[in-house]
Amino acid sequence: MHEEEDGSEAHSCTASRFVNSRSVDVADIEGAKEQASKLCGYLNKLSGKGPLRGYKPKWFVYDPRKCYLYYFKSPQDALPLGHIEICDACFSYDLDGEEGQFEIRTADKEFLLKAPSKQVMHYWLQQLQQKRWEYSNMRGSGQRDSWSSPTLAYLHTGLVGKDNGRQVRTHSHIQWICYQSDSLQGYKSQNKFLNKEILELTVLRRNAESREKALEAKCTALEAKLCQVESKYLVLLQEVKNPVCSSSEQSPAREVISRLLEDALQGENTDQQEHTIFKPNTVSEYDVYGFKTVPEEEEEEEKLIAKVRALELKSLSMTDQEVSVGVKWENFLSSTMNRDLVHSPELKALIRCGVPHGHRSKVWRWCVSFHVKKFRDHLPPDYYDTLLNVAREKPNPASKQIELDLLRTLPNNKHYASPSAGGIQKLRNVLLAFSWRNPDIGYCQGLNRLAAIALLYLDQEDAFWTLIAIVEVFMPRDYYTKTLLGSQVDQRVFKDLMSEKLPRLHAHFEQHKVDFSLITFNWFLVVFVDSVVSDILFKIWDAFLFEGPKIIFRFALALFKYKEEEFLKLQDSTAIFKYLRYFTRTILDSRKLMSVAFVDMNPFPMRQIQNRRAFHLEKVRLELTELEAIRQTFLRERETSQDRRSFVSDDEEEN
């Protein structure tokens with residue numbers, strides 16, 4: 001609707017009458033320097049209702065402080081009749097409309113104005129464009145677009161007509177040319193103005209987006225800082241509680257601190273009463289992956305540690321570096337459009353930074369498809385469904401163990417926490433189908449965790465192929481068989497790498513006779529599931545699904561490197577082994593860990609790992625052969641000994 005707020009006012013002028021005595025014209029523009037800094041003048045404004053609706057003269061004054069165009073009855077009035085917000089307005093005019101008529105559109109109103117001539121109209125439009133641009137730049141100081149203000153030369157009409165006197169033509173021919181030239185020039189002027197309007201509005205929109213992003217970044221930084229303060233607050237509460245609560249007396253301080261701790265450890269509750277002493281910003285009950293942030297069955301101190309860890313992780317997820325990684329991924333994926341991803345150094349570098357939550361499904365699916373393409377190309381499209389149906393219908397020796405392990409897979413994840421959870425049936429299907437495809441393996445504890453992690457981002461079929469990629473492509477043979485031969489070999493390879501990459505720490509473990517493979521064996525078997533915080537776990541899996549098993553060696557070394565100094569301070573084997581069991585859960589900074597894994601551990605050629613695997617595989621096989629020979633000898637000796645004892649016993653009975 002057009003603006004009609006002053007339609008009821010009376011005025012002596014008729015709807016078609018224009019006031020020109022005080023209007024801005026071209027001569028005034030050129031000659032009156034004092035008006036250059038202040039945009040004002042008469043324009044006719046469409047207003048009123050019914051028979052009174054028409055154009056009425058108003059005195060317009062631009063206010064640069066608010067970017068408002070005020071209009072008054074006359075220059076002598078103190079109070080305006082209304083205003084037009086120019087900062088977010090757009091301008092247009094119709095070439096075929098009435099001369100001098102143009103339109104200003106704001107968010108919720110339309111204003112039809114009319115200047116006494118086309119030249120005056122162009123002047124007002126250009127000035128308003130310029131004022132809008134200046135105000136936008138001033139408002140977005142430091143955040144505005146790098147473009148300069150688009151400018152146009154002053155639009156004159158009749159330029160072709162100036163040269164008409166030089167040519168000899170008949171009077172009618174000259175009139176025809178002038179008409180065509182003026183018409184063409186009018187369309188050119190309109191086109192130039194609208195192009196500039198589009199360009200300026202685009203830039204203004206970009207500036208507004210930049211300001212919005214800056215505010216979002218500032219808000220994120222403040223929220224991250226709040227999480228840091230709250231985590232320190234919780235630690236301080238625990239420290240203060242111990243000496244205060246050690247007293248047997250029921251002091252007010254003890255009651256206050258206990259209540260503060262109770263409030264701090266509570267989950268989010270919309271019905272919570274408002275009389276709590278202090279309520280910090282509670283973390284969500286589950287993280288974005290579905291893992292419980294604060295275990296319910298733990299003691300108060302363990303809950304407090306878990307809450308502090310969750311706050312610190314939340315703070316780390318809001319850093320500028322994390323935001324920057326997200327922007328890089330958005331730019332990269334937008335450049336690929338609907339095309340499939342391809343292996344490239346750029347993609348490898350991005351994946352090593354971690355895949356954002358919103359893009360992880362797409363990236364994982366592509367990685368798995370790339371690695372199992374040689375299998376899937378020779379199989380029917382319904383291969384997984386067919387395999388699953390057969391596994392369900394026929395007796396399967398792995399079924400019983402699979403059922404026993406379903407609820408023990410990831411009990412702290414809401415997708416697998418109960419028999420009715422959404423992930424349980426999917427996990428059962430994937431494991432049954434895999435066991436039927438690989439009867440030599442059937443089912444091995446550890447496969448359930450691998451499949452469960454894959455199902456958090458992939459559908460059943462893609463999770464099934466993820467297991468194929470890990471077991472049949474990435475890992476050596478016998479990695480998940482009953483002998484776990486491949487897993488044993490990798491532990492020996494890892495010990496070699498520890499001696500080479502971290503010689504001080506390796507010597508420290510040797511000195512205190514600490515066998516760290518008792519802990520690292522499970523890292524390799526399930527790719528760090530249940531060993532590191534979830535944010536780090538999924539970043540490891542991003543790189544693992546892209547690059548393969550070398551990533552496990554990189555991050556296993558990086559975890560020890562990260563805490564090397566803490567290990568070296570421990571001079572007791574019991575203390576070292578105790579720290580070994582939980583130290584990975586204290587590592588929260590994924591960026592620092594990834595830098596250690598991908599920078600400090602270089603060079604890291606896969607060929608070296610393959611050569612050492614082959615070397616240790618022969619040694620392990622030889623040792624197993626020797627052990628088997630010893631076992632057979634022992635069995636024969638035991639049988640002989642039993643026969644001899646039986647013979648003596650018979651003689652004694654006869655005597």
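Here, residue 1 is the first one in the sequence, and each next residue gets the next number.
- With salt bridges taken as basic N to acidic carboxylate O contacts below 4.0 Å, one links K495 and D515.
- Salt-bridge check for R376 with E461: passed, with a basic side-chain N closer than 4.0 Å to an acidic carboxylate O.
- With respect to F474, the ring-ring contact (aromatic ring centres under 6.0 Å, His included) criterion is satisfied by exactly one of F544, W541, Y479: F544.
- N448 contributes a side-chain N or O that, together with a main-chain N or O of G446, makes up a donor-acceptor pair within less than 3.5 Å.
- With hydrogens and angles left out, the side-chain atoms of S435 and N396 include a donor and acceptor closer than 3.5 Å.
- Of the possible polar contacts, none joining the T520 side chain to the W523 backbone as a donor-acceptor pair under 3.5 Å is found.
- Inter-residue side-chain proximity for C367 and F370 is flagged as unmet; no heavy-atom pair is nearer than 4.5 Å.
- Salt bridge annotation for R360-D542: present, with a cationic side-chain nitrogen under 4.0 angstrom from a carboxylate oxygen.
- Looking only at side-chain heavy atoms (C-beta outward), I453 and F538 come within less than 4.5 Å of each other.
- A centroid separation of 6.0 Å or more is found between the aromatic rings of H512 and F577.
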Practice prompt. I would like to know whether L427 and L431 meet side-chain contact (heavy atoms from CB on, under 4.5 Å); could you show each step before the answer?
Written response: CA-CA 6 Å; L427 181 60; L431 294 176; 4.0 Å; yes

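- Looking at H359 and E330, their side chains come closer than 4.5 Å, going by heavy atoms from C-beta outward.
- Side-chain contact check for M475 versus I552: some heavy-atom pair is nearer than 4.5 Å.
- R492 and E623 are joined by a salt bridge, as a carboxylate oxygen and a charged side-chain nitrogen come within less than 4.0 angstrom of each other.
- A side-chain donor-acceptor contact under 3.5 Å links R392 and N429.
- Side-chain atoms of F555 and V532, non-hydrogen and from C-beta on, never get closer than 4.5 Å to each other.
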Worksheet item: Step by step, would you call F524 with F521 a ring pair (Phe, Tyr, Trp, His ring centres under 6.0 Å)?
Response: CA-CA 6 Å; F524 283 71; F521 186 88; 8.6 Å; no

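- Salt-bridge formation is not detected for the pair E618/R613: no Lys NZ or Arg NE/NH1/NH2 atom is positioned less than 4.0 Å from an Asp or Glu carboxylate oxygen.
- In this structure, R612 contributes its side chain and V493 its backbone to no donor-acceptor pair below 3.5 Å.
- Because its NZ or CZ atom is not both nearer than 6.0 Å to the ring centre of F546 and within 45° of the ring axis, K348 does not count as a cation-pi partner of that residue.
- Aromatic rings of F291 and Y286 (six-membered ring for Trp) have centroids beyond the 6.0 Å cut-off, not under it.
- Between V363 and L545, the closest side-chain pair of non-hydrogen atoms is not below 4.5 Å.
- Under the 4.5 Å side-chain criterion, counting only non-hydrogen atoms from C-beta, I536 is not in contact with F528.
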Practice prompt. Show your working on side-chain hydrogen bond (donor to acceptor under 3.5 Å, both in side chains) between Q610 and R607 and close with a plain yes or no.
Written response: CA-CA 5 Å; Q610 292 170 342; R607 185 180 302 174; 5.9 Å; no

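- Considering CG of L485 and CZ of R477, their distance stands at 10.5 Å, rounded to 0.5 Å.
- Between H357 and Y457, a ring centre-to-centre spacing shorter than 6.0 Å is recorded.
- Interatomic distance, L622 CG to L627 CG, rounded to the nearest 0.5 Å: 9.5 Å.
- Put simply, CG on D462 and OG on S361 are 9.5 Å apart, with the number rounded to the nearest 0.5 Å.
- Separation of atoms CG (D478) and OG (S487) is listed at 9.5 Å; rounding is to 0.5 Å.
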Worksheet entry | From CA spacing to verdict: side-chain contact (heavy atoms from CB on, under 4.5 Å), E547, M606 | CA-CA 10 Å; E547 299 185 47; M606 186 61 191; over 6 Å; no

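- Taken to the nearest 0.5 Å, the CG atom of L559 stands 11.5 Å off from the CG atom of L580.
- At most 12 non-hydrogen atoms from other residues, nucleotides or ligands lie less than 6.0 angstrom from NZ of K426.
- Judged purely by distance below 3.5 Å, without hydrogens or angles, the side chains of T293 and E285 never pair a donor atom with an acceptor atom.
- Residues Y480 and Y443 keep their aromatic ring centres 6.0 Å or farther apart.
- For N602 and R554, the side-chain atoms include at least one donor-acceptor pair closer than 3.5 Å.
- Atom NZ of K328 is surrounded by 12 or fewer heavy atoms from other residues, nucleotides or ligands within 6.0 Å.
- Looking only at atom types and distance, the side chain of E393 has no donor-acceptor partner in the side chain of N389 under 3.5 Å away.
- In the model, H616 has no side-chain atom that pairs as donor or acceptor with a side-chain atom of D490 under 3.5 Å.
- In this structure, the side chains of M601 and K561 come closer than 4.5 Å at one or more pairs of heavy atoms.
- Between F464 and F434, the ring planes are perpendicular. Angles over 60° get that label, and only those under 30° would be called parallel.
- A salt bridge is absent between K400 and E403: the closest approach of a Lys/Arg side-chain nitrogen to an acidic carboxylate oxygen does not fall below 4.0 angstrom.
- The aromatic ring centres of F560 and F583 sit less than 6.0 Å apart.
- A salt bridge does not link E639 to R636: none of the charged side-chain nitrogens sits closer than 4.0 Å to a carboxylate oxygen.
- Between A451 and V430 the shortest heavy-atom distance is CB-CG1, 4.0 Å.
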Fill in: Stepwise salt bridge (charged side-chain N to carboxylate O under 4.0 Å, His left out) test for K569 and E566
CA-CA 5 Å; K569 293 175 184 177; E566 283 75 3; 5.3 Å; no

Item to complete: Please report the C-alpha distance between R504 and E565 in whole Å, then the side-chain angles of each, then the deciding distance to 0.1 Å, and finally whether the salt bridge (charged side-chain N to carboxylate O under 4.0 Å, His left out) criterion is met.
Response: CA-CA 10 Å; R504 286 196 306 154; E565 297 303 322; 2.7 Å; yes

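- Contact check on E322 versus R591 returns a salt bridge, with a Lys/Arg side-chain nitrogen under 4.0 Å from an Asp/Glu carboxylate oxygen.
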Item to complete: Go through N438 and L467 one step at a time and tell me if the side-chain contact (heavy atoms from CB on, under 4.5 Å) criterion holds.
Response: CA-CA 11 Å; N438 292 275; L467 272 188; over 6 Å; no

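- Side chains of D287 and S534: a donor-acceptor N/O pair is present below 3.5 angstrom, by distance only.
- The distance from atom OH of Y289 to atom CG of L456, rounded to the nearest 0.5 Å, is 10.5 Å.
- Between the side chains of Q608 and E500, at least one donor-acceptor pair of N or O atoms lies under 3.5 Å.
- Between R437 and Y383, the side chains place a donor N or O and an acceptor N or O closer than 3.5 Å (distance only, hydrogens not considered).
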